[in-house]
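Reviewing the structure listed below.
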Amino acid sequence: MDVFMMIRRQKLTLFVDAKESSTVSELKKIIEGITKVPWNNIRLIVDSTKQPMDDDNQTLADCGLSGSVAKAYSPALLYLCYRKAGSDNEWEPIDVAELSTPPPLPEVFNKTDDDKKDNPQIAS
Amino acid sequence: MPTETAGATPTPGATSNVYGGLEGPESMYLKLISSDGHEFVVRRDFATSASPTIKNMLSGPGQYSDTQPNEIYLKDIPSHVLINVCRYFAYKAKYTNSSIDIPEFPIDTHVVLELLVASDFLDC
């Protein structure tokens with residue numbers, strides 16, 4: 001089963017897919033291919049469980065990322081942190097930039113009880 | 001062509017693009033950049049099969065060096081819209097020509113209008 005993930009750090013979001021049976025280290029290597037950060041300086045944290053994926057031999061399914069949870073149109077959210085420079089055990093805190101906010105909806109979208117007959121501007 | 005993509009792979013003996021990166025004309029991933037500077041990395045094949053606009057942007061004028069970063073600046077699309085676009089690319093790639101039941105693609109009402117404008121631009 002394919003697992004679809006959104007991996008976020010600051011202003012970067014990676015849309016990555018992998019097999020449920022692939023390991024944590026393989027996923028980290030895919031991220032290394034994109035970000036050019038060595039895979040053992042990469043830490044991934046699953047948003048739904050808040051658990052870091054620190055065991056490189058576990059499969060994605062072991063970490064709770066299965067095909068039924070991580071869909072193509074609703075990918076599982078993972079946070080990405082790099083190891084702090086010059087240290088062995090310190091990781092960056094989770095830091096994800098907010099997305100832009102949509103503008104307010106025009107009034108046409110507000111549902112009222114009699115919206116069936118009183119909305120001539122909506123072409124049917 | 002047997003030559004590998006720009007030296008992202010650490011081991012010279014390994015096959016190139018085992019862990020796909022962002023460089024070169026055959027990269028596995030593309031980076032889409034929204035109007036507010038958020039970067040979204042998606043599978044190249046998902047994006048080009050869903051959007052002819054993106055496919056044309058990539059094959060347009062430009063140098064074909066091995067270090068060419070595959071980045072597309074979408075200065076009219078904000079990040080909260082582009083994130084939905086990327087989800088759609090994965091959804092379309094997974095369920096096109098599929099024999100299983102295709103689930104509905106969920107869209108938040110607040111994003112719908114801008115998403116429509118973006119989809120018109122991207123022709124998908």
Side-chain angles (χ1 to χ4, degrees), chain A residues 1-19 22-23 25-42 67-78 80 95-111 122, chain B residues 5-10 14 16-23 27-43 46-47 70 77-96 98 102-115:
Chain A
M1 274 301 299
D2 281 330
V3 172
F4 291 88
M5 294 159 286
M6 238 181 352
I7 302 179
R8 301 197 62 196
R9 174 182 180 268
Q10 295 178 3
K11 277 195 150 181
L12 179 63
T13 305
L14 312 180
F15 281 80
V16 177
D17 56 293
K19 296 278 177 229
S22 52
T23 60
S25 60
E26 285 169 6
L27 179 59
K28 290 182 178 177
K29 286 176 184 167
I30 291 175
I31 298 175
E32 174 182 0
I34 300 172
T35 59
K36 309 289 171 278
V37 170
W39 70 273
N40 40 16
N41 288 348
I42 283 178
S68 51
V69 170
K71 307 273 202 200
Y73 54 86
S74 178
L77 178 58
L78 303 186
L80 172 61
D95 168 34
V96 171
E98 294 273 321
L99 295 177
S100 44
T101 44
L105 287 176
E107 290 183 0
V108 151
F109 278 78
N110 292 336
K111 294 214 157 139
I122 298 181
Chain B
T5 52
T9 42
S16 61
N17 255 349
V18 168
Y19 299 114
L22 279 175
E23 285 83 32
S27 69
M28 193 163 156
Y29 292 95
L30 282 186
K31 190 185 276 192
L32 305 175
I33 303 175
S34 68
S35 57
D36 51 343
H38 268 84
E39 303 175 342
F40 295 88
V41 173
V42 293
R43 284 261 303 256
F46 289 1
N70 291 287
I77 305 184
S79 54
H80 66 279
V81 174
L82 192 46
I83 198 173
N84 282 281
V85 171
C86 295
R87 279 173 46 224
Y88 177 73
F89 288 162
Y91 171 80
K92 179 162 181 179
K94 174 152 171 99
Y95 292 110
T96 298
S98 146
I102 301 177
E104 188 184 329
F105 183 74
I107 304 179
D108 182 36
T109 332
H110 292 274
V111 180
V112 136
L113 288 178
E114 294 171 285
L115 195 54

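Keep in mind that this is a model prediction, so the values were computed, not measured. Proteins come first, then strands; the chains are lettered A, B, ... in the order of their sequence lines, and each starts at number 1. For the numbers below, each heavy atom of this structure counts, side chains included, while hydrogens, waters and symmetry mates do not.
A heavy-atom distance below 4.5 Å is found between the side chains of B/Y29 and A/I30. B/L113 has its side chain within reach of A/P106: a pair of non-hydrogen atoms, C-beta onward, lies under 4.5 Å apart. In this structure, B/E114 and A/P103 have side chains that are in contact, with non-hydrogen atoms separated by less than 4.5 Å.
The aromatic rings of A/Y73 and B/Y91 sit perpendicular, their planes meeting at an angle over 60°, well past the 30° parallel limit.
Contacts between B/F89 and chain A at a heavy-atom distance below 4.5 Å are absent for every atom of the residue. In this structure, chain A has no heavy atom under 4.5 Å from any part of B/I33. With a 4.5 Å cut-off on non-hydrogen atoms, B/S35 does not touch chain A at all. Residue B/F40 touches chain A through both its backbone and its side chain, counting heavy-atom pairs closer than 4.5 Å. When heavy atoms are compared at a cutoff of 4.5 Å, A/E26 approaches chain B by way of both its backbone and its side chain.
Rounded to the nearest 0.5 Å, atoms NZ (B/K31) and CD1 (A/I34) are 9.5 Å apart. If you take NZ on A/K71 and CZ on B/R87, they are separated by 13.0 Å, rounding to the nearest 0.5 Å. A distance of 9.5 Å separates CD1 in B/I83 from OG in A/S100, rounded to the nearest 0.5 Å.
Here salt bridge (Lys or Arg N to Asp or Glu O under 4.0 Å) pairs that include residues 6-19 of chain A, with residues two or more places apart or in two chains, are A/D2-A/K19, A/R9-A/E92, A/D17-B/R43.
B/H38 approaches A/A97 most closely through the heavy-atom pair NE2-O, 3.5 Å.
Taking the side chain to side chain donor-acceptor pair (under 3.5 Å) definition, one finds that A/K28 meets it with A/D56, sequence neighbours left out.
Note: A/L99 leads A/T101, A/L14, A/L99 in heavy-atom pairs under 4.5 Å with chain B.
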